[in-house]
Amino acid sequence: MSDRPLLGAGKSSHYGVFDRGNDSLVLPECDEQNRRMVEKRLLRKLDLRVAFLVLIYIVNCMDRTNAAAARLRGLEEDLGMTGNQFNTLMSIFYVGYLLTQAPSSHDEAIAVSFKLHGNMGCYNCAHGYHAMLILRLMLGFVEAAFFPGAIFLLSRWYKRNELGFRTALLACGSSISNAFSALIASGILASLDGTLGFTGWRWLFFVEGALTIVVAVSAIWILPDFPSSPSVWLLPDEQTLAKRRMEEEVAVRNEHEGTPVEDWSGLVEALSDWRVWWLGAALILMDASLSFRIFFPTLSATMGYNPTITLLLCAPPWILGTAASFLVARHSDATGDRFWHTAGPLFVAIIGFMIAISTMNTAVRYLSLFFMAQAPAAHIVSLTWVMNTFSQSRSKRAVAIALINAMSSLGYISSSYFWPSRWGPSYANSYTMCILTSTMSIVMLWIFRGHLSRCNEAAEAEEQALGLPKGFRYLL
């Protein structure tokens, strides 16, 4: 592992937020108070649009996971599933997700609308296991670009000390979806079963698919583009400040400064950087440990209640988990720490896994679900850490985010088989595998933190030796 610092001597480079022809654009002279006022307006407008991005992610996650709720109302029986076929059904989505994962550098609104349109009748036309399997694979194809593209979009508008909380807002859409999709599913499955001759699980896909289309079409006009593109929703001084903020935030060193940036340079840089592969492997293990999220209704069902009560019981753990994710991400931004705010939620989840292994007592096992639901906060902070680490160039950062996110989906592909029905209702073996993968992920991230710390120390020594001002530092 090389400890060579990724910075130079007092230089500045560009995120790529505006073209070479616009490099002369500068912020009008104004005092600090005026800048703060403009910046406050800018962030308020951005945050409103990011809130809609969260809504898109919520319906995105509902599309992925509603099969787990449908399982409680006869999905397996109606489609003739046996053995591990349901596990394969959950896993195949991430195969499609992995195969078509790519950085999204165009208008996210258009991309999102096309990706999400396909879910409306996706499962309702399936009358057998193999048809459902193909449709789940296709759903993975069309949803793959959304999350890395959304993360990249955020990184083009927000500064490092602002990015963690906004990433948390987006990523918490998954936890929010887990909470409220369970509530929605319980109502639909209980009240619409048999209506117009359709079973409850088919109505679940009808209703949630219709909601998806409405949100997707609205996104075309609501989501922002990039700071370099004209925006009718921004005043001129706000647009100029948005560009300047990214210029000020850029890393100090850029190996390609002053030379044309080739279209494939970001891909080559990302593929040749060992840190991309290291973080990708760490997130594979982390996401494998988070596979309990896919089977959360199944785990809730082990307490012995009927399907409606089972789904209602899924909501409180995820509501608490969502609140905790907000707090962890906000504190991570405030302190500039990434590792401990990633490892901490995983340690809490490990406690939950151990509790679930130790007893079949209903109250205690339900308590364990609250501990487990804290784990997604680790994934949120780790994604922010990725963006902070690969901040030297726009193209490399986009590829790194997409590649690491794609690699992490391998964790879900394999870990979908952590939860075979024959291991229930205790699922002790499943929880043990989650403990092992969580621990391995923590160890890998600890080693990575040590590398970045040495890079910061080398950079500080270089600056002191040459009498240079303080430059870029990695967040640890």
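All residue numbers refer to positions in the sequence shown, counting from 1. Computed from a predicted structure; not experimentally measured.
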Set out, in order, the CA-CA distance, both residues' side-chain angles and the distance that settles side-chain hydrogen bond (donor to acceptor under 3.5 Å, both in side chains) for Thr359 and Arg365, then state yes or no.
CA-CA 7 Å; Thr359 181; Arg365 284 181 72 85; over 6 Å; no
When you look at Asn66 and Trp201, which way does the side chain to side chain contact (heavy atoms under 4.5 Å, CB included) test go after all the steps?
CA-CA 9 Å; Asn66 50 18; Trp201 65 265; over 6 Å; no
Worked verdict on Thr389 versus Arg275 for side-chain hydrogen bond (donor to acceptor under 3.5 Å, both in side chains)
CA-CA 9 Å; Thr389 300; Arg275 300 172 306 166; 5.9 Å; no
Test side chain to side chain contact (heavy atoms under 4.5 Å, CB included) on His451 and Trp278 and set out the steps.
CA-CA 11 Å; His451 165 73; Trp278 187 268; over 6 Å; no
Thr88 vs Tyr417, side-chain hydrogen bond (donor to acceptor under 3.5 Å, both in side chains): CA-CA, chis, key distance, verdict
CA-CA 8 Å; Thr88 302; Tyr417 297 95; 2.8 Å; yes
The test is side chain to side chain contact (heavy atoms under 4.5 Å, CB included); show your working for Phe52 and Ser218 and say whether it passes.
CA-CA 9 Å; Phe52 190 81; Ser218 302; 3.7 Å; yes
Yes or no on side chain to side chain contact (heavy atoms under 4.5 Å, CB included) for Arg73 and Trp203, after CA distance, side-chain angles and deciding distance?
CA-CA 11 Å; Arg73 281 288 186 173; Trp203 274 111; over 6 Å; no
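Using a 4.5 Å heavy-atom threshold, the side chains of Met354 and Ile435 count as touching. Put simply, the side chain of Arg71 reaches to within 4.5 Å of the side chain of Phe295, judged on heavy atoms. Between Leu410 and Ile413 there is a side-chain heavy-atom pair separated by less than 4.5 Å.
Shortest non-hydrogen contact noted between Ser325 and Ile380 is CB-CD1, 3.7 Å.
Side-chain N or O atoms of Ser438 include one that pairs as donor or acceptor with a backbone N or O of Cys434 at under 3.5 Å. Without hydrogens or angle criteria, Arg136 side chain to Leu89 main chain gives a donor-acceptor distance under 3.5 Å. Put simply, the side chain of Ser289 never gets that close to the backbone of Thr437: no donor and acceptor are under 3.5 Å apart. At distances below 3.5 Å, at least one donor-acceptor pair connects side-chain atoms of Ser408 with backbone N or O atoms of Asn405. Formation of a donor-acceptor pair under 3.5 Å by the Asn84 side chain with backbone atoms of Asn87 is not found in this model.
Remark: Arg449 engages no residue in a salt bridge (Lys or Arg N to Asp or Glu O under 4.0 Å) (not counting sequence neighbours). With sequence neighbours excluded, the residues that form a side-chain contact (heavy atoms from CB on, under 4.5 Å) with Val443 are Ile447.
For Arg202 and Asp193, the salt-bridge test fails: no basic side-chain N is under 4.0 Å from an acidic carboxylate O.
With rounding to the nearest 0.5 angstrom, the CZ atom of Arg245 is 11.5 Å from the CD atom of Glu238.
Within a 6.0 Å radius of CE in Met444, more than 12 heavy atoms belonging to other residues, nucleotides or ligands are found. The neighbour count for Met303 CE, taken as heavy atoms of other residues, nucleotides or ligands under 6.0 Å away, is above 12.
Partner Phe339 forms a ring pair (Phe, Tyr, Trp, His ring centres under 6.0 Å) with one of Trp446, Tyr474, Phe448 and no other, that one being Trp446. Partner of Ser441 under the side-chain contact (heavy atoms from CB on, under 4.5 Å) criterion, out of Ile284, Leu436, Leu285, Thr342: Leu285 alone. Shown are Tyr431, Tyr427, Phe353; of these, the ring pair (Phe, Tyr, Trp, His ring centres under 6.0 Å) with Phe292 is made only by Phe353.
Residue pairs satisfying the ring pair (Phe, Tyr, Trp, His ring centres under 6.0 Å) criterion with at least one member in residues 53-78, sequence neighbours excluded, are listed as follows: Tyr57-Phe146, Tyr57-Phe147. Counting only residues at least two apart or in different chains, side chain to side chain donor-acceptor pair (under 3.5 Å) contacts with residues 371-381 comprise Asp287-His379. A ring pair (Phe, Tyr, Trp, His ring centres under 6.0 Å) check over residues 395-414, counting only residues at least two apart or in different chains, returns the pairs Tyr94-Tyr412.
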N/O donor to acceptor pairs below 3.5 angstrom from side-chain atoms of residues 178-186, sequence neighbours left out:
from   : atom 1 : to     : atom 2 : distance (Å)
Asn178 : ND2    : Ser174 : O      : 3.2
Ser181 : OG     : Ser177 : O      : 2.4
Ser186 : OG     : Ala182 : O      : 3.4
Ser186 : OG     : Leu183 : O      : 2.6

